[in-house]
Amino acid sequence: MRSTRIAISAAMLGALAVPVLSATAANAAPVATAATAVPTSSCSSLPPLPYEVHTKAVTIRSKATTKSTAVGVLYRSHKFTVHKKSGNWLYITDKTTGVKGWVSGTYVYRDVRMCLS
């Protein structure tokens, strides 16, 4: 009974996907020609992406070690400046609170830009 429902569901999903895929392929050609007319620039000419907090919050510490004293919390919405790096640790200033200290690069890092040439 269960395998029959799975087979029917898979068949229905396949039947629904075929018209969507063929419609997308038919519409893709005009878009591709318009995209080639836009001049491209190399990624090296673009400024680096800003650092961001990639978790809800990260502890700001007095030294670049997990055993050091916590001096604040850097939340995802806070803006901050990175002054220097030491291994996987970043010395930052939280612009919202003014707290300075070290945060782990495991939770605070730059987004990656993918360049296609």
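We use all heavy atoms of the structure for the numbers below, so side chains are in, but hydrogens, waters and symmetry mates are not.
In Y107, the OH atom is not crowded: 12 or fewer heavy atoms of neighbouring residues, nucleotides or ligands sit closer than 6.0 Å. Residue-environment remark: OH (Y91) exceeds the threshold of 12 foreign heavy atoms within 6.0 Å.
Summarising the geometry, atom OG1 belonging to T59 is positioned 5.0 Å from atom CZ belonging to R61; distances are rounded to the nearest 0.5 Å. In this structure, I60 CD1 and T69 OG1 are separated by 13.5 Å, a value rounded to the nearest 0.5 Å.
Across all non-hydrogen atoms, the minimal contact from H54 to R76 is C-NH2, 3.8 Å. Between Y75 and V53, the shortest heavy-atom contact is O-CG2, 3.8 Å. Taking both residues in full, the closest heavy atoms of K85 and Y51 are given as CD-OH, 3.9 Å, listed atom of the first, atom of the second, then distance. Nearest heavy atoms, S68 versus K63: OG-O, 3.1 Å.
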Only distances under 3.5 Å count here; give the side-chain donor-acceptor pairs of residues 95-104 to other protein atoms, sequence neighbours excluded, each with its distance to 0.1 Å.
{"residue": "T97", "atom": "OG1", "partner": "D94", "partner atom": "OD2", "Å": "3.1"}
{"residue": "T97", "atom": "OG1", "partner": "V99", "partner atom": "N", "Å": "3.4"}
{"residue": "S104", "atom": "OG", "partner": "T106", "partner atom": "N", "Å": "3.1"}
{"residue": "S104", "atom": "OG", "partner": "T106", "partner atom": "OG1", "Å": "3.2"}

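A donor-acceptor contact shorter than 3.5 Å links the side chain of R110 to the backbone of L49.
At least one side-chain heavy atom of V58 sits under 4.5 Å from a side-chain heavy atom of V108.
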Item to check | Test log, rule side chain to side chain contact (heavy atoms under 4.5 Å, CB included), inputs H83 and T93 | outcome: CA-CA 8 Å; H83 300 289; T93 299; 2.5 Å; yes

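Y109 and I92 are members of different hydrophobic clusters when ILVMFWY side chains are connected at heavy-atom separations under 4.5 Å.
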